[in-house]
Amino acid sequence: MPLLLLLLVLLLPAAPEATPSALLGINYGRVGNNLPPTTSALQLLAGLGVGRVRLYDADPATLRSFANTGVELVVGVPDECLAAVSTPSGASSWVRSVIQPALPATKIAVLTVGNEVLTGPNSSTLSPSLLPAMQCIHDALAQLGLDRQVAVTTAHNLGVLATSYPPSSAYFRKDLLPVLCPILDFHARTGSPFLVNAYPYFAYAEDPAGVELEYALLEPGHGGVPDPPSGLRYPNMLVAQVDAVYHAIAAANRAAARAVEVRVSETGWPSAGDGNETGATPRNAARYNGNVMRLVGEGKGTPLRPDGALRVYMFALFNENMKPGPSSERNYGLFKPDGTPVYELAYRLPKDNATTSSGTGSITGGGGGGPQNSGYYSISASATANVGWWTWTQACAAVLLMMIAF
């Protein structure tokens with residue numbers, strides 16, 4: 001088995017190395033019974049040139065799969081673990097048994113303690129454990145000298161806001177302030193980011209008559225929406241949502257507002273949905289996700305924070321067939337489980353996210369100068385080569401292993 005693993009690692013293409021300035025990541029959810037192995041996902045990631053990945057749990061086998069790839073991980077502490085890690089001994093045991101063994105071969109940069117805890121179905125049960133769990137995990141990392149290497153945070157959805165429009169008038173729900181204010185103090189003290197799952201799709205789907213589709217899709221030709229109190233103009237809904245969070249932070253904790261960075265831990269657009277899920281189409285998904293990548297590639301900030309580049313994690317790598325809820329929940333992926341694209345998508349990669357090579361069969365160059373010169377890539381039907389290539393290399397590795405064994 002060690003020889004087989006070595007052969008498989010050697011056969012993988014070089015993955016992009018995440019740098020401090022690489023802005024684009026992707027969420028790698030695995031709520032499905034038909035998903036390919038992580039090795040195949042690594043093929044797609046290498047082709048995309050994405051150097052950052054968010055995982056929703058800390059499965060040791062998955063963490064090992066990312067070892068020595070250069071991919072930087074955001075690793076989730078699942079909701080069901082919050083109570084166990086909200087004590088010093090529980091957090092220390094978890095960090096020592098799950099996170100420390102994966103380092104430094106696997107690049108773990110952030111731990112997200114729970115996901116949308118404050119607004120989820122189990123919020124009343126989980127919320128009291130959230131900040132203690134964050135603090136205890138941070139302290140456990142500090143005891144091992146890892147707190148400067150691995151940040152600790154949690155991810156919220158926009159439901160933490162009482163209002164988000166106009167952005168300058170946004171503020172947090174008053175019932176959540178007793179929990180959010182000390183969390184903001186924690187972020188300011190440790191230097192960790194405030195993560196938000198931001199989906200313009202939901203705003204459009206709930207009010208298609210009141211929300212312009214082009215504004216929600218981040219179309220560059222849209223004239224934008226003014227924010228009269230601030231005098232700023234918002235070219236698209238995503239940056240408006242991010243700035244609404246910044247304003248809410250300032251309203252709740254002005255000292256933290258000067259130190260805390262807001263990052264988008266999830267955003268995406270479904271390619272399919274139920275009959276009442278307005279706008280969930282492949283065309284809209286392609287437009288939105290391509291525009292997000294273009295926006296990130298520009299390296300610009302938001303109207304309120306123009307000097308700080310926007311950092312975004314796309315949702316998601318694969319369609320996940322076992323996610324509960326409406327049909328849209330199972331159709332956010334860029335790829336189908338067999339590795340083929342869900343739709344045609346062209347985008348410009350952020351410079352620091354790009355690899356030095358043209359990638360694998362899933363990426364085809366365009367724009368005249370070729371992929372290495374222009375930085376322009378498109379996801380197309382040629383991506384079917386990925387899974388076949390990996391099947392071929394698995395077969396070769398297996399044959400080589402048998403030859404060595406005999």
Query raised in the report: Which atom names give the shortest non-hydrogen contact between R52 and V50, and what distance separates them?
Result: O-CG1, 3.2 Å

Check: residues 207-218 side-chain donor-acceptor pairs under 3.5 Å, at least two apart:
| from | atom 1 | to | atom 2 | distance (Å) |
| --- | --- | --- | --- | --- |
| D207 | OD1 | G210 | N | 3.1 |
| E212 | OE2 | H222 | NE2 | 3.2 |

**Report entry** Working for side-chain hydrogen bond (donor to acceptor under 3.5 Å, both in side chains), residues D243 and Y234
**Finding:** CA-CA 10 Å; D243 275 359; Y234 284 88; 2.7 Å; yes

Query - Check: N236/N291 side-chain N/O donor and acceptor closer than 3.5 Å - result: no

Requested in this report: Starting at CG of L144, measure out to CD1 of I99 and round the result to the nearest 0.5 Å.
Outcome: 11.0 Å

**Report entry** Smallest separation among heavy atoms of L310 and V296, with atom names
**Finding:** O-CG1, 4.3 Å

Report task. Give a yes or no answer on whether the side chain of D274 reaches the backbone of E277 with a donor-acceptor pair at less than 3.5 Å. Result -> no

Report task. Could I get the full list of ring-ring contact (aromatic ring centres under 6.0 Å, His included) partners for Y165, not counting sequence neighbours? Result -> none

Query raised in the report: What residues, two or more places apart in sequence or in another chain, satisfy side chain to side chain donor-acceptor pair (under 3.5 Å) together with T106?
Result: none

**Report entry** Residue pair V245, L158: steps toward the side chain to side chain contact (heavy atoms under 4.5 Å, CB included) verdict
**Finding:** CA-CA 8 Å; V245 175; L158 288 177; 3.9 Å; yes

Query raised in the report: Rounded to the nearest 0.5 Å, how far does CD of Q241 lie from CZ of F202?
Result: 10.0 Å

Report summary line: Residues at least two apart in sequence or cross-chain that pass ring-ring contact (aromatic ring centres under 6.0 Å, His included) with Y332, listed by chain then number, are Y199, F315

Report summary line: Rounding to 0.5 Å, atoms CD1 (I137) and OG (S92) come to a distance of 11.0 Å

Report summary line: Applying salt bridge (Lys or Arg N to Asp or Glu O under 4.0 Å) to E266 and not counting sequence neighbours gives R54

Query - Value rounded to 0.5 Å, distance of OG in S328 from OH in Y201 - result: 4.5 Å

Query - Evaluation steps, side-chain hydrogen bond (donor to acceptor under 3.5 Å, both in side chains), between N122 and D79 - result: CA-CA 9 Å; N122 299 315; D79 290 358; 6.0 Å; no

Query raised in the report: Would you call D338 and K336 a salt bridge, using N to O less than 4.0 angstrom?
Result: no

Query raised in the report: Sequence neighbours excluded, which residues qualify as side chain to side chain contact (heavy atoms under 4.5 Å, CB included) partners of T190?
Result: H138, F186, S192

Query raised in the report: By side chain to side chain donor-acceptor pair (under 3.5 Å), which residues pair with T153, not counting sequence neighbours?
Result: none

**Report entry** Where at least one partner belongs to residues 254-265, residue pairs that pass side-chain hydrogen bond (donor to acceptor under 3.5 Å, both in side chains), sequence neighbours excluded
**Finding:** N197-S265, E261-R263, E261-R311

Requested in this report: Would you indicate whether R283, at its atom CZ, is surrounded by more than 12 heavy atoms from other residues, nucleotides or ligands within a distance under 6.0 Å?
Outcome: no

Query raised in the report: What pairs with V179 under side chain to side chain contact (heavy atoms under 4.5 Å, CB included), at least two apart in sequence or on another chain?
Result: L118, I183

Report summary line: Sorted by chain and number, sequence neighbours left out, side chain to side chain contact (heavy atoms under 4.5 Å, CB included) with E80 holds for P78

Query raised in the report: Hey, is E219 close enough to R287 for a salt bridge, meaning N to O under 4.0 Å?
Result: yes

Query raised in the report: Any chance NZ of K323 has more than 12 other-residue heavy atoms, nucleotides or ligands included, within less than 6.0 Å?
Result: yes

Report summary line: Nearest heavy-atom contact between P36 and P337 is CD-O, 3.2 Å

Query - Any residue meeting side chain to side chain contact (heavy atoms under 4.5 Å, CB included) with A41, in chain and number order, not counting sequence neighbours - result: Y28, L317, F318

Requested in this report: With rounding to the nearest 0.5 Å, note down the distance linking CG in N157 to CG in L195.
Outcome: 12.5 Å

**Report entry** Side-chain H-bond candidate by donor/acceptor type, N253 with D185, under 3.5 Å
**Finding:** yes

Query raised in the report: In chain order, what residues pass the ring-ring contact (aromatic ring centres under 6.0 Å, His included) check against H187, with sequence neighbours excluded?
Result: F194

Report task. Drop me the distance from L63's CG to T38's OG1, to the nearest 0.5 angstrom. Result -> 9.5 Å

